[in-house]
Amino acid sequence: MPIIELRDITKSYGSFDALRGVNLSVRSGEVTCVLGDNGAGKSTLIKILAGLHTQTSGDMLIDAQPAAFSSPRDALDAGIATVYQTLAIVDELSVWRNFFLGQELTGTLGTLKEAEMKRICAEQLREMGIEIPDVNVEAGNLSGGQRQVVAIARAVYFGARVLVLDEPTAALGVKQSGVVLKFIAAARDRGIAVVLVTHNPHHAYLVGDHFTILKLGRPELDAPRSEVTLDELTRQMAGGGELDALSHELQRD
């Protein structure tokens, strides 16, 4: 049974439809990839899943029950955590302080349990296959990939059943992207549902179990991994028939 099921979702802003007729099923232990270029509707879909926006029409089901999010708190209470491309990471704070930011462990008289938080932070990162030798280092000294990992691991530790990742590899090099994709696979293997929102079909295909392509707010492709190859996915992202027509025109010229 899907944790999240979207049925015929539409989001309109006046006469403009940012999304129309979008269906999506998000299951435990799977990576659902949502692909599309700028203006495809990916950001609008993220905002609906995160509780920032409410759909104009269509249904959202959580654990097969109708649901309506009116705030990000509602999404978090349902176990849906969104990690945005612009991370909520404070560069001047240590890795462990960022890991527990806003959810610090305290003892008597409100004193911070620093040793326990450092231990948990290091353990959680290690369990997910990521080694940061010193969690006391300022987050600003981490690579882009490591920063993404800290943000994702934080969401997992604090109970996320679903991770919605907004272009997590967009600004990263090959090696750093590999770190993040490895972490996404580790989260999936732990039974977490992942929604990977990206414009990169190669990254999506490395970890994806199901693929949805949006074009101008409408679904262009909806297929499991067994029914689509990387070449087909890339071709669909590049425009499908439009690309074939252009290729034919260029060859004729």
Can you name the nearest heavy-atom pair linking Asp59 to Ile9, along with the distance?
-> O-CD1, 3.5 Å

To the nearest 0.5 Å, how far apart are CD1 in Ile48 and NE2 in His53?
-> 8.5 Å

Can you find a pair of side-chain heavy atoms, one from Trp96 and one from Ile120, that are under 4.5 Å apart?
-> no

Can you check whether Leu165 reaches Val197 side chain to side chain, under 4.5 Å on heavy atoms?
-> no

Side-chain donor/acceptor of Glu220 to backbone N/O of Lys215, under 3.5 Å | no

Does NZ or CZ of Arg225 fall inside the cone over Tyr205's six-membered ring, less than 6.0 Å from its centre and within 45° of the axis?
-> yes

Using modelled atom types only, decide if a donor and an acceptor are shared between the side chain of Arg161 and the backbone of Ala78 within a distance under 3.5 Å.
-> yes

So do the side chains of Leu230 and His202 get within less than 4.5 Å of each other, counting heavy atoms only?
-> yes

Same cluster (ILVMFWY, side-chain, under 4.5 Å), Leu125 and Leu93 = no

Donor-acceptor pair, Asp63 side chain versus Gln65 backbone, under 3.5 Å?
-> no

Please list, chain by chain and in numerical order, all residues satisfying ring-ring contact (aromatic ring centres under 6.0 Å, His included) with Tyr84, sequence neighbours excluded.
-> none

Leu181 reachable from Val83 in the ILVMFWY side-chain graph, under 4.5 Å edges = yes

Asp209 versus Thr32: any side-chain heavy-atom pair under 4.5 Å?
-> no

Leu61 versus Ile4: any side-chain heavy-atom pair under 4.5 Å?
-> no

In terms of hydrophobic clustering (I, L, V, M, F, W, Y; side-chain heavy atoms under 4.5 Å; direct or indirect links), are Val179 and Phe99 co-clustered?
-> yes

Grab the two heavy atoms, one from Thr108 and one from Thr111, that are nearest each other, plus how far apart they are.
-> O-OG1, 3.0 Å

State, yes or no, whether a side-chain contact exists between Pro168 and Leu196 at a heavy-atom distance under 4.5 Å.
-> yes

If you measure from CG on Asp189 to CD1 on Ile184, what distance do you get to the nearest 0.5 Å?
-> 12.0 Å

For Ile80 and Leu49, which heavy atoms make the closest approach, and how far apart are they?
-> CG2-O, 3.7 Å

Thinking salt bridges, do Asp91 and Arg147 make one under a 4.0 Å N-O criterion?
-> yes

If the plane angle is over 60° it's perpendicular, under 30° parallel, otherwise tilted; pick one for Phe158 and Phe100.
-> perpendicular

Checking Asp222 side chain against Thr212 main chain: does a donor-acceptor pair fall under 3.5 Å?
-> no

Identify the heavy atoms of Ala75 and Gly51 that sit nearest to each other, and give their distance.
-> CB-N, 4.2 Å

Do Ile62 and Phe69 pass the side chain to side chain contact (heavy atoms under 4.5 Å, CB included) test, and can you show the C-alpha distance, the side-chain angles, and the key distance before you say yes or no?
-> CA-CA 10 Å; Ile62 305 295; Phe69 295 158; 4.0 Å; yes

Pair Asp37-Met237, side chain to side chain contact (heavy atoms under 4.5 Å, CB included): steps then yes or no | CA-CA 8 Å; Asp37 289 327; Met237 276 288 294; 3.9 Å; yes

With side chains defined as the heavy atoms from C-beta onward, is the minimum distance between Thr198 and Asp166 less than 4.5 Å?
-> no

How long is the span from the OG atom in Ser25 to the CG atom in Leu6, to the nearest 0.5 Å?
-> 8.0 Å

Shared ILVMFWY cluster between Val34 and Leu206, side chains joined below 4.5 angstrom?
-> no

Are the charged groups of Lys118 and Asp134 less than 4.0 angstrom apart, N to O?
-> no

Can a donor-acceptor pair be found between the side chains of Thr169 and His203 at a distance below 3.5 Å?
-> yes

Can you tell me if Gln124 uses its side chain to pair, donor with acceptor, with the backbone of Cys121 under 3.5 Å?
-> no

Backbone N or O of Thr229 within a donor-acceptor pair of the Glu232 side chain at under 3.5 Å?
-> yes

Rounded distance (nearest 0.5 Å) linking atom CG of Leu142 with atom CD of Gln148 = 11.5 Å

Nearest 0.5 Å, what's the CG-CG distance between Leu24 and Leu45?
-> 6.0 Å

Hey, could you give me the CZ/NE2 distance between Arg27 and His210, rounded to the nearest 0.5 Å?
-> 8.0 Å

Smallest separation among heavy atoms of Asp17 and Ser12, with atom names = OD1-OG, 2.5 Å

Any ion pair linking Arg73 and Asp77 (charged N to carboxylate O, less than 4.0 Å)?
-> yes

Could you give me the CA-CA distance, side-chain angles and deciding distance for Lys42 and Glu167, then say whether side chain to side chain contact (heavy atoms under 4.5 Å, CB included) is met?
-> CA-CA 10 Å; Lys42 304 191 305 295; Glu167 298 279 6; 3.4 Å; yes

Please assess Asn38 against His199 for the test side chain to side chain donor-acceptor pair (under 3.5 Å), listing each intermediate value before the final yes or no.
-> CA-CA 8 Å; Asn38 293 336; His199 67 275; over 6 Å; no

Is there a donor-acceptor pair under 3.5 Å between the side chain of Asn98 and the backbone N or O of Ser94?
-> yes

Step by step, would you call Leu233 with Val228 a side chain to side chain contact (heavy atoms under 4.5 Å, CB included)?
-> CA-CA 7 Å; Leu233 194 66; Val228 63; 4.3 Å; yes

Check: Leu214 and Leu35 side chains under 4.5 Å, non-hydrogen atoms | no

Taking every non-hydrogen atom, the tightest pair across Val31 and Arg188 | CG2-CD, 3.7 Å

Identify whether Val135 and Leu101 are in the same connected component of the hydrophobic contact network (ILVMFWY, side-chain heavy atoms under 4.5 Å).
-> no

